[in-house]
Amino acid sequence: MATSQGTLLDQLNEPQRVAATHGRGPLLILAGAGSGKTRTITYRIAYLIEQGLCPADRILAVTFTNKAAEEMRKRVAEIAGAPRKPPLICTFHSLGVRLLRRHAELLGYGRDFTICDSDDQRRILKRVYKNLGLIESEIPVRRAASVISRAKNDAWPPEEYEARSRDRDAPVLAKIYRDYQDYLRISNATDFDDLILLTLRLLSEHAEIGERYGNWYQQILIDEYQDTNRPQYELIQALTAFHQNLCAVGDEDQSIYGFRGADIDNILRFEQDFPGTSVIRLEQNYRSTQVILDGAGAVVSNNVQRKGKTLWTADKGGSQIEIFTAADPRDEAEYVGQRIVRYLGEGHRHFAILYRTNFQSREFEEILNREQIRYRIIGGVGFYARKEIRDVLAYIRLARNTSDNVSLLRIINTPTRGIGAKTVQTLQGWSEESEGRIWDSLVRALGDAAFPGRAHRALQRFREIIDRCRSYLERPLPILIEQVLEATDYLEALRREGSEESENRILNLQELVNVAREAEQADIDLQEFLDQISLRSDADDYDEAAPVTLMTLHNAKGLEFPVVFIVGCEEGLFPHSRAILEDDLEEERRLCYVGMTRAEKRLHLSHSKRRRLYGSGPSESNLPSQFLMEIPPDLTTELTSPRVQRYSGPGFPQPHVPFQKPKRQFPGKTYDTKDSVRQFLDSIPAQEKSAGKIVRGATVVHAEFGPGKVLHVEKTGKDLKVTVRFPGIGIKKMLQSYAKMRPV
DNA sequence: TTCAGAAGGATTTTT
DNA sequence: TCCTTCTGAA
C-alpha cells in the first residue's frame, strides 16, 4: 500500500500522533483553535482501518455539520483508500434518521416519516393555537417553539412538562406542547429534536436493537464534543456502553451553542463518565499568527468558566489587528470593500466577512457587487427555504406519506384550485374519525359525495393530482420532479403570473431539477434525497470558489481564512443585547474567540458609530463592543473613518448632497392599469427609487421628483401621493410630491 | 374564493 | 424597513 504507516503519521506532530494511534479505551482530546483536531481524528480513523484494528464499517464518526462529514469522508478515503464498506461518518441527526428509517415501526411511526424544520414547526404551532383558541400575542409562536425544544432537550415529555416547568405560562405551554406532539405523531412526522430523542428511545426501550448497534460500532469518534447537548450525550452513552472506545475532541472555549442546549459540562465531566480516560492536549496552533492568538486569548481569558490554556504557534509576530471605527454601516462596508480590493492587488485570494446576525450582510453585498468581487453568502434565506421549492417537495412528501398533514395543508390550494379555507376546515373537522388524517377524511368525503358540486370537483381534482404524483415516485429523481411540476400545474400557474418574481421561481425550480439530476448520478434515492434536504444547513453549500465568504460567526466554526473581517463589533449587536440581558456574555465572548481564531494572517475588527435597527427612527448611537477593549492595545492598530468627524458633532447630521429640486412633468397621461403605473414608476431613474407601491386606476397629471428615492406611492382620496426621500435629510424633512389624478 | 390594500409584528445564533 | 397576516370588496 502506498501510504505506509510511516508516511501517514509523518503528517502529524507528537501529541497528534499519540492521539491518532491510541488503541482501545476512552480518549479525550482537548484541543485549541487551529490545532488540527479534525485532522487528528481523520488520521485516527485512517490509522484504525490501515492497521486492521477495527473493520472500517464498524467505525462511527460524528461531526457537527454535513459539510464537515463529507470532507472527512473524502480525506479518510484519500489516506486509507476507499474501503468497500466505508466507515459511517455523519452528523447526530443523520445518524438518527438512518436508524429510524430502519426501525420506526417499533416506536409507532411509519418508515416514511417526514422531517419538519422550523418553518413546518411554525405552521403546526399556528394550527395548534387555533384549535386551542389561543392568540399569538399571549405566547408568541417563537417562544412556544423554543420552550418545546428546551423541554425536549431536557427529556421532559409533554405530560410531565407542567409539573416540572417553573414557567408562569406552564399550564398553557403544556397544552401546546402536547397538541404539537400529537400533531406530529398523527402526521407521521418528527422535528429535529425528535430525531435524537426517538433514536435514544429506540436504543433504550428495545434492548435487542440497543445491543445490536452498541456491539456493532467498536470505535466511536465525536468531533466538537463541547457542542453536544443532553440527548446527544445520552445517545453516545448508549452506543459506547459496550466497547467503551470513545474518542472525543473538543475545545471548551469554542462552545457556542448553549442556546441549543449544548452542555459544556459534557466535556468537563468526560473523565468521570469514562474511567480510565487518556487525555491529550493539543495546544500548538497551526493556523494563526502569534498576534492573532494573543488577541483572541486575551479576550477569552476574561471568561471565568474555563479550564484555561495558552495557545502557541511557531509563526511568531504577525500584522497588528486592525480596529476600524466607521460612521455608519455603509461606511463600514466601504472600508471592508477597500481593504479587500487592496488585498486582492497584493495577491490574497480568500476573505471572510463575519457578523453576528444575518441581516447585517446587506451593505457588504452592495459594495462587493459594485466592486464586481464575487462572493458567497451562507445562511439567510437559503435555496431550500424558498416557497416554490418547499411546495414541490411538499407534494412529493404527501405522495409518499399521506398522513403528512403539514404538507397537505401547505399545498392543498397551491396553486389555487378553488379549495378555500371553509372546505379545509370542514375536512379537518371530519378527520377526527381517521385519527386526524386529513387525507383520509378527504378520500372519505369524496366517496360519500359530502361536498356540493364545486368543492367536490376541486377536491376530486386534488386527489387525482396526488394519486398521479404517487405513481411517479418510482421514476428517476429529475423526471419525478418534472412530472410533479407538470401534474400540479405549478409551472403553468407561475408562467401565467408573468411577473419578475415568478420568473425567478421558475428558474429556482429548474435548479431543483438540476440538483435532482446530480443526486441521481450520485446514486441517491428519493428517500435519501429528501432527508438530505431536510437536514441540510446552508453552511453545507459552502464552496471555496468565490474569494469572499459572508456568514454569521456561528457558521464560521471549523473554517479558516487568510484574512478575516469581523464587523458590527458594537455593544448590543455583538455582544447581542439579548445575551447582555440574559447575562450570557461568556458565550458571546467565546463566539468572539471563535471568530478571531478563524484568521490566519490578518484580522480586522470594525464597528459603526451609528446603526439603525429595524428601519424607523434616527439611528442609534452605538458604543464599541467591550470585546474590542479586551484586546491589548499593543496588538492593535486603530483607524477612524474621516466621516466620523462630520457626524460626531451635536445636532442633526448635515446633508452632504446639496439640496435641489428639479421638476419633471407627467402631464395628462392616464395610468389605469397596474402595468401602466409600473411603467410610470419605471420611467423614474432606478437610483432614485427604492420602493414603490403600485396604485391602480390613477391618472397622473403632474409629479415632482427630486434627486431622492421614491419611497412610497399611495392613493389618498383622489390623489396619488408620491413620497420621495432625499439622501442626507432626516425622515422629518422627507419631501412629498403630489400627482393629481382623476378616476378613469 | 380571491385579491388588493392595510395593519401589525419582527431580528440572535443552528441541526 | 420589510414581510406576514388580516380584512373587506368583487
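In this text the structure is predicted, and so the values were computed from the model without any measurement. In what follows, chains carry the letters A, B, and so on, assigned in the order in which the sequence lines appear, proteins first and then strands, with residues in each chain numbered from 1.
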Do A:Asn266 and A:Tyr225 touch side chain to side chain, with heavy atoms closer than 4.5 Å?
-> yes
Report yes if at least one side-chain N or O of A:Asn413 is closer than 4.0 Å to OP1 or OP2 of B:dT2; otherwise report no.
-> yes
Which listed nucleotide (B:dT14, B:dT15, B:dT13) is nearest to the side chain of A:Thr65?
-> B:dT15
Is any side-chain N or O of A:Thr552 closer than 4.0 Å to OP1 or OP2 of B:dT14?
-> yes
Give the rounded distance in Å between these two atoms: CZ of A:Arg454 and P of B:dT1.
-> 7 Å
Where each pair must be Watson-Crick or G-U wobble with both distances under 3.5 Å, what dot-bracket representation of DNA chain B is obtained, with crossing pairs in [ ] and other-strand partners as |?
-> ||||||||||.....
CD1 of A:Ile378 versus P of B:dT13: gap in Å, rounded?
-> 15 Å
Taking atom P in both C:dC6 and B:dT11, what distance in whole Å separates the two?
-> 16 Å
Please give, in whole Å, the distance from B:dT11 P to A:Leu573 CG?
-> 15 Å
Indicate yes or no: at least one non-hydrogen side-chain atom of A:Tyr593 is less than 4.5 angstrom from one of A:Asp251.
-> yes
Results of side chain to side chain contact (heavy atoms under 4.5 Å, CB included) for A:Ala69 - residues two or more places apart only = A:Thr63, A:Arg73, A:Ile89
Nearest-nucleotide wise, let me know which of A:Ala455 and A:Ile256 is further upstream toward the 5' end of DNA chain B.
-> A:Ala455
A:His554: ring pair (Phe, Tyr, Trp, His ring centres under 6.0 Å) partners, not counting sequence neighbours = A:Tyr257, A:Phe259
Rounded to whole Å, CD of A:Glu587 lies from C1' of B:dT13 at a distance of 8 Å
In whole angstrom, give the distance that lies between atom CD1 of A:Ile148 and atom P of B:dT15.
-> 20 Å
Can you tell me how far P of B:dT15 sits from CG of A:Asn66, to the nearest Å?
-> 8 Å
Phosphate OP1/OP2 of B:dT1 contacted by A:Thr423 side-chain N/O (<4.0 Å) | yes
Kindly say if A:Asn555 contacts the phosphate of B:dT14, meaning a side-chain N or O under 4.0 Å from OP1 or OP2.
-> yes
What's the closest nucleotide to the A:Thr91 side chain, out of B:dT11, B:dT15, C:dC2?
-> B:dT15
Residues two or more places apart in sequence or in another chain: which of them pass salt bridge (charged side-chain N to carboxylate O under 4.0 Å, His left out) with A:Arg362?
-> none
Residue met sooner reading DNA chain B from 5', once A:Asp193 and A:Arg417 are mapped to nucleotides | A:Arg417
Distance, rounded to the nearest Å, where A:Leu553 contributes CG and B:dT13 contributes C1' = 9 Å
Interatomic distance where CG belongs to A:Leu195 and P belongs to B:dT15 [whole Å] | 13 Å
Short side-chain N/O contact from A:Arg142 to OP1 or OP2 of B:dT11, under 4.0 Å | yes
Measure the distance between the ring centre of A:Phe259 and the centre of the six-membered base ring of B:dT13, then answer whether it is under 5.5 Å with planes under 30°.
-> yes
What does A:Phe192 touch in the nucleic acid at a heavy-atom separation under 4.0 angstrom: a base, only the sugar-phosphate, or nothing?
-> base
Side chain of A:Arg122: nearest nucleotide among B:dT13, C:dT4, B:dT2?
-> C:dT4
Of all residues at least two apart in sequence or in a different chain, which pass the side chain to side chain contact (heavy atoms under 4.5 Å, CB included) check with A:Arg410?
-> A:Asp119, A:Arg123, A:Lys387, A:Arg390, A:Asp391, A:Ala394
Quick one: label A:Thr416 by what it contacts on the DNA or RNA (base, sugar-phosphate, nothing), any heavy atom closer than 4.0 Å.
-> sugar-phosphate
What pairs with A:Phe529 under ring pair (Phe, Tyr, Trp, His ring centres under 6.0 Å), at least two apart in sequence or on another chain?
-> none
Step-by-step side chain to side chain donor-acceptor pair (under 3.5 Å) determination, A:Tyr177 to A:Gln181 | CA-CA 6 Å; A:Tyr177 181 12; A:Gln181 203 56 35; 5.3 Å; no
Go through C:dT5, B:dT14, B:dT2 for me and flag the one nearest to the A:Lys126 side chain.
-> C:dT5
